[in-house]
Amino acid sequence: MAILKIARMGNPILLQRCAPVPDPTDPEIRRLAADMVETMDDIGGAGLAAPQVHVPLRLFVFRVRPERVGESPEDLPLGPTVLINPELEPVGEEIEQAWEGCLSIPGLRGSVPRAARVRYRGVGLAGEPIERVAAGFHARVVQHEYDHLDGILYPMRMTDLALFGFTEELMRAAANLARAEEEAEEEASAEGAPCA
Ligand code: NI
């Protein structure tokens, strides 16, 4: 097992369309997937695609941590999952907007529109077929990782670049906004307090 070096935005490997994995049961693919899971967990990421570790093949790893799960029954927690040669299609028309980050674009976040529900298919390390319908965070992480296999990074999916920034600044801005709202609420309740 090894921690792998992650390619950052600007590296041309992140812009290419990756080739299918010829044999998903190849021990080298198993080793690569294990290293990718270790690398993802080391950084605390939710997903990692092979081109991000300089391997232009169609596979990615991801997980859905319990704290990321939403209310949909299709948004379930999932341990480390390897998906090889995936196919992806949206289910329905609904689009959701939410913040994303990427291990290849460290320190930044952007708000990205994605299909609210998707169906994905692929194979696992034993060559077993995998097919699921996913919603919420689960659907989002799979769409983000799948895009990496086609050379697409999340800023290329963004429709409002005003919603793109450094995580640190965005968190500070959100904290300031929450504080201002709290103060406004306190003021409002003080005004409404009965006079004794
Ligand atoms: Ni990414």
Side-chain angles (χ1 to χ4, degrees), residues 2-21 29 32-65 67-70 75 77-90 95-118 120-122 130 132 134-161 163-171:
I3 304 286
L4 304 170
K5 192 167 189 282
I6 295 180
R8 288 182 303 167
M9 184 167 65
N11 188 317
I13 196 150
L14 295 173
L15 297 177
Q16 74 182 68
R17 195 180 147 80
C18 298
V21 175
I29 293 296
L32 170 65
D35 287 346
M36 285 169 63
V37 168
E38 195 182 4
T39 304
M40 170 177 76
D41 286 349
D42 179 63
I43 312 178
L48 187 63
Q52 291 183 277
V53 293
H54 305 265
V55 179
L57 288 176
R58 300 188 79 77
L59 84 129
F60 59 77
V61 301
F62 69 102
R63 63 155 80 228
V64 181
R65 291 191 167 83
E67 63 270 24
R68 303 303 292 263
V69 165
D75 188 13
L78 204 60
T81 301
V82 182
L83 196 62
I84 301 168
N85 296 337
E87 290 170 47
L88 177 76
E89 63 189 20
I95 302 289
E96 277 175 357
Q97 187 86 28
W99 292 96
E100 290 183 20
C102 179
L103 297 176
S104 294
I105 313 173
L108 292 155
R109 287 278 182 283
S111 181
V112 187
R114 300 276 188 192
R117 291 179 80 213
V118 294
Y120 63 89
R121 298 183 182 86
I130 294 172
R132 292 194 190 106
F137 181 81
H138 185 170
R140 179 166 295 272
V141 69
V142 169
Q143 289 173 84
H144 177 118
E145 300 312 326
Y146 183 88
D147 267 355
H148 275 298
L149 309 184
D150 287 335
I152 299 168
L153 300 170
Y154 79 79
M156 294 152 80
R157 292 282 190 199
M158 290 182 64
T159 48
D160 183 358
L161 288 173
L163 300 174
F164 188 35
F166 288 94
T167 309
E168 225 174 275
E169 295 288 351
L170 292 164
M171 287 178 73

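Numbers for residues simply follow the sequence, beginning at 1. As the structure lists them, so they are numbered: ligands from 1, and atoms in each ligand from 1. A quick note: this is a predicted structure, and the numbers were derived from the prediction, not measured.
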Every N, O or S from the protein that is nearer than 2.8 Å to the Ni ion (ligand 1):
C102 SG, H144 NE2, H148 NE2
side-chain hydrogen bond (donor to acceptor under 3.5 Å, both in side chains) with R65: which residues, sequence neighbours excluded?
none
Whether Y154 and H144 hold their rings parallel, tilted or perpendicular, with breakpoints at 30° and 60°
tilted
Lys/Arg-Asp/Glu bridge criterion (N-O < 4.0 Å) met for D150, R58
yes
Are H138 and Y120 an aromatic pair, judged by ring center distance below 6.0 Å?
yes
Determine the minimum heavy-atom distance between P155 and M9, stating which atoms define it.
CG-SD, 4.5 Å
In Q143, R109, R140, the residue satisfying side-chain hydrogen bond (donor to acceptor under 3.5 Å, both in side chains) with E100 is R140
